[in-house]
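Read the structure below first, then the notes.
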Amino acid sequence: MKAGRDWPKAGTMKRRTGQDRSITDTWRPATRAIRGGTARSEFGETSEAIFVTSGYSYDCAGDAAARFAGEQEGMTYSRLQNPTVEMLEQRIAILEGAEACRTMATGMAAMTAVLLSQLQAGDHVVGGRAAFGSCRWLLDNLLPKFGIATTVVDARDPQAFADAVRPETKVFFFETPANPTMDVVDLKAVCGIARDRGITSVVDNAFATPALQRPMEFGADVTAYSATKMMDGQGRVLAGAVCGTEDFIENTLLPFTRNTGPTLSPFNAWVVLKGLETLDLRIRRQSENAVKVASFLEGRVPTVLYPGLPSHPQHNLAMSQMEAAGPIFAILLDGGRTQAHGLLDGLALIDISNNIGDSRSLMTHPASTTHNSVAPDKREEMGVTEGMLRLNVGLEDPQDLIEDLDQALRKVGL
């Protein structure tokens, strides 16, 4: 038993204990992932309930007016609040170590909202050049359409962020490890530069999740997620999330999402809640499997990009920020798209798919899928070559994955 813990009385402890941060803050991560955010109805259900409703009724007109005025606690409309969605938001915030969280319909809805909610014409953003294709599209195409200037830098170099700062710089936006090049960003250094200059640091933490990396512990202001990935973890639903201070979530992000409506459905929220219960178990086993598979490939292909291997140039930095390196890595082949596609077509067990975080092993060719929307010259700048393949290592026996890769490699002369 944890010393000094003030346990609730037995008759009161389980109905809404998961939403009492004075209690959940005393729990360890595995317990938070199971019980954080849970609020039971009068029926006492053990599994979280799915509240499938678009709106809510009131005992009287005065109650309705008071809720809309913010004078009375309670829900008004499922574009703003839903009990199932709220449980997920609280659980993610608890796992992240954040004051608050808002979820959204997709990961890209979260990324778009976290940027547009705090930026306006004349502002400037510094972003990491290596990023998921759609995130890079936001920097290269969407933000400039609204008069928001952007500069992309090699995020592996903290000084590059400092050198790119202008008087109008409002946000640093980057991911670590980056998709798909596996670049690692020095969180403490880059977030420190942002904080010293009054700039908001926004970290896309989808590859690691709070189970492996909590950027706020290194000074990040905001973390954003595609919860579609490891948080769901079984390829079932789309979801996104943004974590930050209560002030940021309620006064910056919420006005944007309230009026634009990127709302997460209660069913999808429930599925992600169930996924979070096994997140720690899954991501650690998948990380172990990834190390074994990457180690095999290191002797067979020209280049393996995986922070979990000592050969990665930022291995020590990654391991100082992450509890494990995660299930995802990239390989580079010399034979370009022809050889890369040939390897994919030769796979008998591993699926060709552009998703990540799934319990199944998935492999894709980023240049023709996830980063197809990025201009060829910008893909080259990012390091997304025609010979690159990205592998999400699942929960299968790693030896079966190695044998599948072995026979596919032989088909393309490797």
Side-chain angles (χ1 to χ4, degrees), residues 1-2 5-54 56 73-105 110 205 209-212 214 216 223 225 227-234 236-244 246 249-250 254 263-284 357:
M1 182 179 296
K2 190 170 182 178
R5 178 176 295 176
D6 184 16
W7 289 94
K9 293 181 180 179
T12 63
M13 72 175 292
K14 294 177 184 175
R15 182 66 60 84
R16 293 191 177 274
T17 305
Q19 297 197 343
D20 185 337
R21 293 297 287 268
S22 69
I23 296 172
T24 61
D25 285 350
T26 71
W27 291 345
R28 296 168 181 83
T31 305
R32 295 176 182 179
I34 299 292
R35 294 185 175 270
T38 299
R40 290 178 176 149
S41 74
E42 67 272 20
F43 296 108
E45 66 279 350
T46 54
S47 180
E48 295 83 2
I50 306 176
F51 289 86
V52 184
T53 182
S54 59
Y56 307 89
E73 288 190 7
M75 300 191 175
T76 59
Y77 194 57
S78 277
R79 177 157 45 85
L80 302 177
Q81 314 103 349
N82 176 278
T84 310
V85 174
E86 184 182 76
M87 285 189 275
L88 175 61
E89 290 171 344
Q90 292 211 26
R91 184 170 296 176
I92 293 174
I94 289 166
L95 287 170
E96 189 72 31
E99 290 181 4
C101 169
R102 292 293 293 191
T103 55
M104 275 157 257
N205 197 40
T209 81
L212 297 184
R214 289 168 291 282
M216 289 182 181
T223 55
Y225 288 98
T228 307
K229 308 304 190 290
M230 288 301 306
M231 288 188 181
D232 169 24
Q234 293 164 73
R236 299 168 296 189
V237 298
L238 303 180
V242 177
C243 297
E246 187 171 354
I249 297 298
E250 294 299 318
L254 181 56
T263 309
L264 179 64
S265 77
F267 177 77
N268 286 12
W270 182 83
V271 171
V272 178
L273 274 166
K274 296 292 100 182
L276 287 175
E277 292 181 0
T278 60
L279 171 62
D280 188 75
L281 297 172
R282 288 183 286 102
I283 200 167
R284 292 181 188 279

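Note that the structure is predicted; figures quoted are calculated from it, not measured.
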Worksheet entry | Donor-acceptor contact below 3.5 Å, side chain Ser265 vs main chain Asn268 | yes
Discussion item. If we ignore hydrogens and angles and just use 3.5 Å, is the side chain of Thr103 paired with the main-chain N or O of Ala241 as donor and acceptor?
Written reply: no
Discussion item. Would you say that Val52 contacts Phe267 through its side chain, given a criterion of any heavy-atom pair below 4.5 Å between the two side chains?
Written reply: no
Worksheet item: Hey, what do you get for CG (Leu276) to CE (Met87), rounding to the nearest 0.5 Å?
Response: 12.5 Å
Fill in: Heavy-atom closest pair, residues Ala105 and Thr263
CB-O, 3.4 Å
Worksheet item: Between the main-chain N or O of Thr38 and the side-chain N or O of Gln90, is there a donor-acceptor pair closer than 3.5 Å?
Response: no
Fill in: Side-chain heavy atoms of Tyr225 within contact of Met230, under 4.5 Å
no
Worksheet item: Can Arg21 and Glu99 be counted as an ion pair, charged N to O under 4.0 angstrom?
Response: no
Worksheet entry | Interatomic spacing from CZ in Arg16 to CD1 in Ile23 - rounded to 0.5 Å | 13.0 Å
Worksheet item: Taking the side chain as C-beta and beyond, is there a heavy-atom pair between Asp280 and Pro29 under 4.5 Å?
Response: no
Item to complete: Indicate yes or no: at least one non-hydrogen side-chain atom of Leu88 is less than 4.5 angstrom from one of Leu264.
Response: yes
Discussion item. Check this for me: Glu45, atom CD, are more than 12 non-hydrogen atoms of other residues, nucleotides or ligands nearer than 6.0 Å?
Written reply: yes
Worksheet item: Which of these passes side-chain contact (heavy atoms from CB on, under 4.5 Å) with Trp270: Val85, Thr84, Val237?
Response: Thr84
Discussion item. On a heavy-atom basis, which atom in Ala100 and which in Ala93 lie closest, and how many Å separate them?
Written reply: C-CB, 3.9 Å
Discussion item. Looking at every heavy atom in both Gly36 and Ile94, which two are closest together, and how far apart are they?
Written reply: CA-CD1, 3.9 Å
Worksheet entry | Exam field: side chain Asn82 to backbone Pro266, donor-acceptor pair closer than 3.5 Å | no
Discussion item. Looking at Thr228 and Ala239, would you say the former's side chain and the latter's main chain have a donor-acceptor pair under 3.5 Å?
Written reply: yes
Fill in: Over all atoms of both residues, closest heavy-atom pair of Ile34 and Glu48
O-OE2, 4.1 Å
Worksheet entry | Among Asp25, Asp20, Thr26, side chain to side chain donor-acceptor pair (under 3.5 Å) partner for Ser22 | Asp20
Practice prompt. Check for a donor-acceptor pair, side chain of Arg284 on one end and backbone N or O of Leu212 on the other, with a separation under 3.5 Å.
Written response: no
Worksheet item: Would you say Arg32's side chain and Thr24's backbone share a donor-acceptor pair under 3.5 angstrom?
Response: yes
Practice prompt. For Gln81 and Met75, indicate whether the former's side chain and the latter's backbone hold a donor-acceptor pair under 3.5 Å.
Written response: no
Practice prompt. Evaluate the side-chain contact (heavy atoms from CB on, under 4.5 Å) criterion for residues Val242 and Cys101: first the C-alpha distance (whole Å), next the side-chain angles of each, then the deciding distance (0.1 Å), finally the verdict.
Written response: CA-CA 6 Å; Val242 177; Cys101 169; over 6 Å; no
Worksheet entry | For Ser47 against Lys274, the heavy-atom pair lying closest together | OG-NZ, 3.2 Å
Item to complete: May I ask you to test the Arg91-Arg35 pair for a side-chain heavy-atom distance under 4.5 Å?
Response: no
Practice prompt. Return yes if some donor-acceptor pair links the side-chain N/O of Arg214 with the main-chain N/O of Pro210 below 3.5 Å, else return no.
Written response: yes
Item to complete: Determine the minimum heavy-atom distance between Pro83 and Tyr56, stating which atoms define it.
Response: CD-OH, 3.5 Å
Worksheet item: When rounded to the nearest 0.5 angstrom, what is the spacing between CD in Glu96 and SG in Cys243?
Response: 4.5 Å
Discussion item. Check this for me, if you would: do Glu86 and Arg102 make a salt bridge, where the nitrogen-to-carboxylate-oxygen distance has to be below 4.0 angstrom?
Written reply: no
